[in-house]
Amino acid sequence: MTNKTTPSRRKFLKTALAGAGAAAAVPLSVKADEYVTPSMTVPGKTFTPYGMPSGHEEVKRLLRPPGISPGTGGSLSPLESLEGMITPSGLHFERHHNGVPDIDPKTHKFLLHGLVNTPLEFSMDALMRYPRVSRMHFVECGGNSGANAGSPTPPQLTAGGIHGLVSCSEWTGVQLGLLLDEAGVKPEGKWILAESADAASLSRSVPLAEAREQGILALYQNGERLRPEQGYPLRLLMPGWEGNLNVKWLHRIKVTPGPTMTKDETSKYTQSQKDGKAKQFNFIQPVKSVITRPSGMMTMNGPGYYEISGIAWSGHGKIAKVEISMDGGATWTNAEMPGPVLPKCLSRFRLPWEWDGKPVLLQSRSTDEQGNVQPTRAAWKAPVSVVQFYQYNAIQTWQIGADNTVKNFYV
Ligand SMILES: Nc1nc2c(c(=O)[nH]1)N[C@H]1C(S)=C(S)[C@@H](COP(=O)(O)O)O[C@H]1N2
Ligand SMILES: [Mo]
């Protein structure tokens with residue numbers, strides 16, 4: 001990892017941290033050479049076959065109330081409590097349309113058929129013998145941040161409570177193109193249909209060219225086999241594409257002449273416009289960012305030094321820059337991107353900040369390598385119907401009050 005700490009940042013930190021009351025540390029109060037902590041006086045615990053977080057930590061996913069059936073709904077990643085760019089597997093957000101199936105990898109089959117020369121059937125053991133690739137990518141639900149789009153007044157929730165339907169993992173699997181080539185796609189084959197083995201039988205259409213180039217049949221997540229919640233034992237990963245078409249518990253791909261027009265791409269995941277028409281197949285998750293620290297529902301510790309930090313991402317590629325505003329978008333400063341900054345991956349940004357205790361409207365605005373810029377809420381809402389909330393990527397404002405509160409705010 002590169003550390004691009006600039007001279008100006010070092011100077012800022014030196015000044016900020018040297019100022020009386022600015023640093024968080026207190027003067028040494030014990031004799032350091034003689035200081036014995038309680039943990040030094042008793043033997044430690046023994047070993048466990050599978051590790052868990054410290055019992056002192058209580059970082060959890062936020063469960064959304066179930067919908068029409070118990071397994072319908074989701075859980076959100078606690079973005080405000082996480083650091084870096086990778087989401088721990090146990091805190092990856094979940095979105096299930098009919099619960100988490102229990103699938104035995106010994107009997108699960110992946111079928112590749114339709115407009116191919118040789119329809120193929122793969123056991124999981126067979127798939128495990130193919131060459132693999134590892135990539136770090138986010139998955140974001142098309143409905144993420146929808147509360148900010150739909151609610152006329154800003155919902156008072158945490159950063160994760162509003163924006164937590166995004167997570168990022170290292171995914172390892174087999175490139176879909178390899179298997180499509182093995183089956184031999186017929187010239188009439190222009191799209192694929194990917195279908196799942198859960199009770200929702202979720203299925204989505206993807207254009208063949210992109211599926212072949214970008215699609216990964218993911219077997220591993222953060223170094224271990226996929227979590228059941230993320231699609232064990234097999235998931236289609238379309239990096240940067242709308243969460244919904246990253247089909248979990250994948251059991252077949254059919255090569256088709258055109259889109260199949262499934263329920264998930266006709267009645268849902270479309271974008272209704274002001275004129276009453278709906279845009280279909282909005283595949284790519286747009287450029288976005290959110291400051292996770294400080295963020296909604298947090299309490300400031302009064303004036304002094306803070307590090308502003310958050311995550312930025314785009315389905316179109318790498319993040320080029322993130323700007324920070326303290327005055328609701330009137331003026332902007334570039335945040336630091338210490339890296340790594342990878343395509344279609346969460347990227348961490350940081351900015352050292354000395355808060356004078358006065359009210360602030362804190363915002364981040366990201367730009368991706370294709371020049372897409374995060375819009376204001378008003379600009380995002382202008383072309384779409386009032387009920388539209390999919391792929392909401394407007395700038396998030398946190399209102400910091402002189403009373404130390406941090407609130408969700410619309411400018
Ligand atoms: N089989 C199946 N695949 C699915 C879903 C589902 O309910 N069933 N949900 C989709 C939706 S809407 C999203 S946003 C992502 C969520 O992935 P995650 O639960 O791993 O975070 O999976 C997609 N793939
Ligand atoms: Mo989703």
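Not measured: the values here are computed from a predicted model. Read the numbers this way: they start at 1 and go in the same order the structure lists the ligands and their atoms.
For the residue pair T262 and R204, no side-chain donor N or O sits within less than 3.5 Å of a side-chain acceptor on the partner. Counting only N and O atoms by type, the side chains of N393 and Q285 include no donor and acceptor under 3.5 Å apart. Checked by atom type, the side-chain pair T87/S77 shows no donor-acceptor distance below 3.5 Å. Using modelled atom types and a 3.5 Å distance limit, the side chains of T270 and Q280 yield no donor-acceptor pair. Counting only N and O atoms by type, the side chains of N282 and Q391 include no donor and acceptor under 3.5 Å apart.
Between Y306 and W355, the two ring planes are perpendicular [angle over 60°; tilted spans 30° to 60°]. Using bins of under 30°, 30° to 60° and over 60° for the plane-to-plane angle, the ring pair W191/F281 lands in the tilted bin. Between F122 and Y130, the angle of the ring planes goes over 60°, which puts this pair in the perpendicular group of the 30/60° scheme. Note on ring orientation: taking the six-membered ring where Trp is involved, the planes of H251 and H108 are tilted (angle from 30° to 60°).
Those atoms of ligand 1 that come under 4.0 Å of a heavy atom in E229, given as number and element, are 19 (O), 20 (O). Listed by number with element, the atoms of ligand 1 under 4.0 angstrom from any heavy atom of N246 are 22 (O), 23 (C), 24 (N). For ligand 1, the atoms lying closer than 4.0 Å to a non-hydrogen atom of W249 are 1 (N), 2 (C), 8 (N). Less than 4.0 angstrom separates some heavy atom of H96 from each of these atoms of ligand 1: 7 (O). Listed by number with element, the atoms of ligand 1 under 4.0 Å from a non-hydrogen atom of G243 are 13 (C), 14 (S), 15 (C), 22 (O), 23 (C).
Considering both main-chain and side-chain atoms, R95 comes within under 3.5 Å of ligand 1 through a nitrogen or oxygen pair. The shortest N/O to N/O separation between E140 and ligand 1 does not fall below 3.5 Å. Geometrically, ligand 1 and Q230 share a nitrogen or oxygen pair separated by less than 3.5 Å. On a distance-only criterion, F93 and ligand 1 share at least one N/O pair closer than 3.5 Å.
In this structure, of S196, A194, A200, the residue bringing a heavy atom nearest to atom 1 (N) of ligand 1 is S196. Heavy-atom proximity to atom 11 (C) of ligand 1, evaluated over V247, L226, N244, is greatest for N244. Across R235, H251, E94, heavy-atom proximity to atom 20 (O) of ligand 1 is greatest for R235.
Nearest heavy-atom pair, N148 versus P155, reported as atom, atom and distance to 0.1 Å: OD1-CD, 3.6 Å.
When non-hydrogen atoms are compared, ligand 1 lies under 4.0 Å from the backbone of C141 as well as from its side chain. At a heavy-atom cutoff of 4.0 Å, ligand 1 is contacted by no atom of E242, backbone or side chain.
Shortest contact from atom 19 (O) of ligand 1 to any protein heavy atom: K248 NZ, 2.5 Å.
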